[in-house]
Amino acid sequence: MSDSRRLFFALELPGDIQQQIIQWQATSFPADVGRPVAAANLHLTLAFLGDVSADKQQALAALAGRIRQSGFTLTLDDAGQWLRSQVLWLGTRQPPRGLLQLANMLRAQAARSGCYQSPQPFHPHITLLRNAAHAVPIPPPGFSWRVPINEFALYASEFSRGRTRYTQLERWTLNEQ
Ligand code: 2AM
């Protein structure tokens, strides 16, 4: 039996922001545009690791635990659609330096540990709808959520009974001490 799991590092969003995002999504797009991501599953991926063995997970977690940097504020003020991946997303027009630094570090650690990393530049986003195959008008962002980010986490993605579930495995605080 394989001991590997599908893992990723991500930022969690506070519960109230998750609810507000769901509300914006539900009132901004017709119900048949795509498959909404559940509130509890809304997150911003920093580094996707793919299928990782228990040993490699431990090594990657140890490396993540050595990261020293401050928290930052994420401003969610942008939205868009990628037809190729059929995803409708929420994002930021100006990614804070801390976000890019953290994602770059985790992606570099993953690549050095042998996890495949896409050569595409990091495009921070929160997926709101999947299977959004047809272009839809995106309403002008009448929103601008400022989200204080003080930690990041390692997640496992599991698919069972037709549902994707993300389980937080470990988390780390962002402070420069
Ligand atoms: P997505 O929301 O744009 O699909 C768990 O699946 C998380 O990992 C999601 O945020 C997903 O991004 C991301 N993810 C899945 N496969 C990926 C890949 N091959 N490269 C980068 N990110 C991926």
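Because only heavy atoms are used, hydrogens play no part in the values below, and waters and symmetry mates are left out as well, while side chains stay in. Remember, it's 1-based here, ligands and their atoms both numbered in the order they're listed.
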A.B. asks: Between Y155 and F8, does the ring centre distance come in under 6.0 Å?
C.D. replies: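 Yes, ring centres under 6.0 Å apart.
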A.B. asks: Which word best sums up how the rings of H125 and W89 line up, parallel for under 30°, tilted for 30 to 60°, or perpendicular for over 60°?
C.D. replies: perpendicular
A.B. asks: Backbone N or O of H134 within a donor-acceptor pair of the Q81 side chain at under 3.5 Å?
C.D. replies: yes
A.B. asks: Counting non-hydrogen protein atoms only, what is the nearest one to atom 1 (P) of ligand 1? Give residue, atom name and distance.
C.D. replies: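 Closest protein heavy atom to atom 1 (P) of ligand 1: T127 OG1, 3.4 Å.
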A.B. asks: Looking only at protein heavy atoms, which one is nearest to atom 14 (N) of ligand 1, and what is the separation?
C.D. replies: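 The closest heavy atom on the protein side is F48 CD1, 3.4 Å.
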A.B. asks: Looking only at N/O atoms, are W82 and ligand 1 under 3.5 Å apart anywhere?
C.D. replies: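 No; every N/O pair is 3.5 Å or more apart.
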A.B. asks: Suppose we measure from atom 7 (C) of ligand 1 to each protein heavy atom; which comes out shortest, and what is that distance?
C.D. replies: T45 OG1, 3.3 Å
A.B. asks: Heavy-atom count around Q69 CD within 6.0 Å, excluding the residue itself: above 12?
C.D. replies: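 Yes, CD of Q69 has more than 12 neighbouring heavy atoms, counting only those of other groups under 6.0 Å.
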A.B. asks: Show which atoms of ligand 1 fall inside a sub-4.0 Å distance from at least one heavy-atom site of R130.
C.D. replies: 1 (P), 2 (O), 4 (O)
A.B. asks: Can you sort out which atoms of ligand 1 are near F8, meaning under 4.0 Å from one of its heavy atoms?
C.D. replies: 5 (C)
A.B. asks: Take a 6.0 Å sphere around CD of Q168 and say whether it holds more than 12 heavy atoms from other residues, nucleotides or ligands.
C.D. replies: yes
A.B. asks: Angle class for the F9/W172 ring planes (parallel below 30°, perpendicular above 60°, tilted otherwise)?
C.D. replies: tilted
A.B. asks: Which of the numbered atoms in ligand 1 are below 4.0 angstrom from a heavy atom of H125?
C.D. replies: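 Numbered from 1, ligand 1 contributes 1 (P), 2 (O), 3 (O).
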A.B. asks: Using a 4.0 Å heavy-atom threshold (strictly under), name the region of Y166 that reaches ligand 1: side chain, backbone, both or neither.
C.D. replies: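 The side chain, only.
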